[in-house]
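First up is the structure itself, then whatever we jot down about it.
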Amino acid sequence: MSEERSLNFLEQIVEEDIANGVHGGRILTRFPPEPNGYLHIGHAKSICLNFGLAKKYNGQTNLRFDDTNPVTEETEYVDSIKQDIQWLGFQWAGEFYASDYFEQLYGFAVKLIEKGLAYVDDSSAAEIAAMKGTPTEPGKNSPYRDRSVEENLQLFADMRAGKFPDGAKVLRAKLDMAAPNMHLRDPLMYRIKHAHHHRTGDAWCIYPMYDFAHGQSDSIEQITHSICTLEFVPHRPLYDWFIEKLEIFPSRQYEFARLALNYTVTSKRKLLQLVNEKHVNGWDDPRMPTLSAYRRRGYTPSSIRTFADRVGVQKRDNLIDVGLLEFCIREELNKTANRVMAVLDPVKLVITNYPEGQTEELQAENNPEDASAGHRKVTFSNTLYIEREDFMENAPKKFFRLSPGLMVRLKYAYIIKCDSFDKDADGNVTTIYCSYLPESHSGSDKSGISVKGTIHWVSAAHAATAEVRLYDRLFKVENPASEEGDFKSYINPDSLHVIPRAYIEPALLDVQPGERFQFLRKGYFAVDPDSTPGKPVFNRTVTLKDTWAKEAKKG
RNA sequence: UGCCUCAUAGUAUAAUGGUAGUACGACAGAUUUUGGUUCUGUUUGUCUUGGUUCGAAUCCAGGUGAGGCAACCA
């Protein structure tokens, strides 16, 4: 079926290059994160693209950390990034760091100075910005632009030697201060930062700018196809210029539109704010769009890979409906998750004509989509808990659940008829009284009655309890980043609803973190690492499709 | 008012000069001991104006709209 599919534009480029014998048909891509945050769903697209493309054409993919800014980078992030990539199902060929190349990059800089293509500038940051011009006006040459090669060499060596404080000097490439592309107006190559680096420690006090590190790092690794997001399109001429002047391996950059998901944000800066300001409980809070959060919430790696595949690749900006992600996980869990019964918002139901104290072990199917999943026993008795929303005092015409006079089937058990109910002083239903049809036993129904509704239940005397965490979208609006004002003012106040005591089948006491279930009629749930023996915690991964909820909303 | 990208159903994404298709969504129906799943059907689209051509979503030109670019961030 993959032969039937048309190629995306990157695959077309790769196939053309292979056909033309570029690099002898060798394909090497790379995934280049900066270790200053956790990976999110947008990175998943990039990872799937880079690793997927290489895999499809018998190539490989490097993992390279672009760690050129010591102040924002930490080992914690390196570890989480590696874990997330592996969890997604990919293995890199080489693990590299831009900081591995600091000495080489320094040499490249010296070479450009020697060629008269770079100079040390003593101007302040403000002065450089002022001389840069604007998109519509050309910039002005720095007064330091025409220093001799010898002087530049000496000053650059002195920069490295730590003779100057932060910000005193920078090394700039000498291109054209009037270039219409702002990135070509003598861009900075090196700045002075007396800062401790997570890998090189205090060995350096000058650090290369991203623009002077990224392209050359690709070149050093002999990356054939350097795939990145659209905002780097205007940087490409600069990278090509460096490669040309340095006479090094010609990696080529190609750009695609980053993935954006609605009802969330995918910017590391914003995610960091949500974490630091405690709007969520850490990077892996299941409401976050990070991979660690999706993992904790119960998403599978394959569902995310499928999603990345289905959103496609193009150069136009897009905002993907989170409903597609939800479809991908439902599609998979429908086939793989065992069904169990859990009552999240319980109300007591008494079967008046079923003997008090009597029990039955009923046969329950684990997964109707997978016969090999087998069966289990569930205990039935005269006092049950059912879902509060499965009863209505005054039912509308299409309500196929319980209401005085109406009949439903209890899943795996009997058909019952609602006879009466009790209410407390506040009008809340406290107990529902029903009678059952003994001849309607599941699997051997001789009652001749068919009912429209089937509801789930647990036996009150046999049920165990669990904490259940229900998640909703983190933001109230589709695109918080594009709204007026602070994006945090659009946070959905009901994004987390904790149920401290839901009733579950007792067998669910033994579950392990990471296990996934379908709570019948309620959704897919995953066991949270916060679970302790005898007190499981379940995260709702995603609800089931609920056409009744839609119908009810219509009125 | 400079440079660079981009523009196909509600959302994504195909068609690479030759019948505008697919997925998700929405709507309707069938099946169903999950209002789940599955199945069937319906709906909705080439930004605009010219040009080239037997023929244009596709090529060309102008317009319109959206996004990006002026961090000692990446």
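Letters A, B, ... mirror the listed sequences (proteins, then strands); counts begin at 1.
- A:Phe399 comes within contact range of at least one nucleobase, with a heavy-atom separation under 4.0 Å.
- Here B:rA7 sits opposite B:rU64 as a Watson-Crick or G-U wobble pair (both hydrogen-bonding atom distances under 3.5 Å).
- A distance of about 30 Å separates the C1' atoms of B:rA23 and B:rC59, rounded to the whole Å.
- Salt-bridge formation is detected for the pair A:Glu231/A:Arg258: a Lys NZ or Arg NE/NH1/NH2 atom is positioned less than 4.0 Å from an Asp or Glu carboxylate oxygen.
- The interatomic distance linking A:Lys132 (NZ) with B:rC69 (C1') rounds to 11 Å, in whole Å.
- Heavy atoms of A:Arg339 sit under 4.0 angstrom from at least one base atom.
- Candidate nucleotides B:rA70, B:rG2, B:rA74 were compared by shortest atom distance to the side chain of A:Thr134, and B:rA70 ranks first.
- Only the P atoms considered, B:rG21 is 25 Å distant from B:rU38, to the nearest whole Å.
- For the C1' atom pair drawn from B:rA57 and B:rG45, the interatomic distance equals 11 Å after rounding to whole Å.
- For the pair A:Arg236 and A:Glu255, the salt-bridge criterion is met [side-chain N within less than 4.0 Å of a carboxylate O].
- Using a 4.0 Å cut-off, some side-chain N or O of A:Arg191 falls inside it from OP1 or OP2 of B:rC73.
- For the pair A:Arg409 and A:Asp445, the salt-bridge criterion is met [side-chain N within less than 4.0 Å of a carboxylate O].
- Within the structure, every side-chain polar atom (N or O) of A:Arg316 is placed at least 4.0 Å from both OP1 and OP2 of B:rA66.
- Across all strands shown, nothing is found opposite B:rC72 as a Watson-Crick or G-U wobble partner with both distances under 3.5 Å.
- Nucleotides B:rA14 and B:rU22 place their P atoms 15 Å apart, quoted to the nearest Å.
- With a 4.5 Å cut-off on side-chain heavy atoms, A:Lys315 and A:Val233 do not count as touching.
- Using atom P as the reference point in both B:rA12 and B:rG55, the two lie 34 Å apart (nearest Å).
- Within 4.0 Å (heavy atoms only), A:Tyr412 reaches at least one base atom of the nucleic acid.
- Counting non-hydrogen atoms under 4.0 angstrom, A:Ser124 reaches a base of the nucleic acid.
- Scanning atom types as modelled, one donor and one acceptor separated by under 3.5 angstrom connect the side chain of A:Arg401 and the base of B:rG35.
- Judged by Watson-Crick or G-U wobble contacts below 3.5 Å, the nucleotide B:rC39 has B:rG29 as its partner.
- A heavy-atom distance below 4.5 Å is not found between the side chains of A:Thr336 and A:Asp370.
- With a cut-off of 3.5 Å on both pairing distances, B:rU16 has no Watson-Crick or G-U wobble partner at all.
- Heavy-atom contacts from other residues, nucleotides or ligands closer than 6.0 Å to NZ of A:Lys452 number 12 or fewer.
- At a cut-off of 3.5 angstrom, counting only N and O atoms as typed in the model, there is no donor on one side facing an acceptor on the other between the side-chain of A:Glu255 and the base of B:rU5.
- The interatomic distance linking A:Lys411 (NZ) with B:rU34 (P) rounds to 4 Å, in whole Å.
- Here, B:rU46 and B:rC27 have their P atoms 24 Å apart, quoted to the whole Å.
- Comparing B:rU8 with B:rU44, their C1' atoms sit 13 Å apart, to the nearest whole Å.
- Contacts of A:Pro368 with the nucleic acid, taken as non-hydrogen atoms under 4.0 Å apart, include base atoms.
- Side-chain atoms of A:Thr454 and base atoms of B:rU34 include no donor and acceptor less than 3.5 Å apart.
- As a whole-Å value, the separation of A:Lys315 NZ from B:rA14 P is 13 Å.
- For B:rC59, the paired base is B:rG51 (Watson-Crick or G-U wobble, both distances below 3.5 Å).
- Atom P of B:rA71 sits at a distance of 43 Å from the matching atom of B:rU16, rounded to the whole Å.
- Nucleic acid contact for A:Phe232: base, since at least one base atom lies under 4.0 Å from a heavy atom of the residue.
- A straight line from CG of A:Leu230 to C1' of B:rC6 spans 8 Å, rounded to a whole angstrom.
- Among the atoms of the strands shown, none is found under 4.0 Å from any heavy atom of A:Gly453.
- Side chain A:Arg310 to base B:rU13: no donor-acceptor pair is found below 3.5 Å.
- We find that A:Arg199 and A:Asp100 are joined by a salt bridge, their nearest charged nitrogen and carboxylate oxygen being less than 4.0 Å apart.
- Atom-to-atom, CG of A:Leu544 to P of B:rU38 comes out at 11 Å; the value is rounded to the nearest Å.
- A:Phe400 comes within 4.0 angstrom of a base, heavy atoms only.
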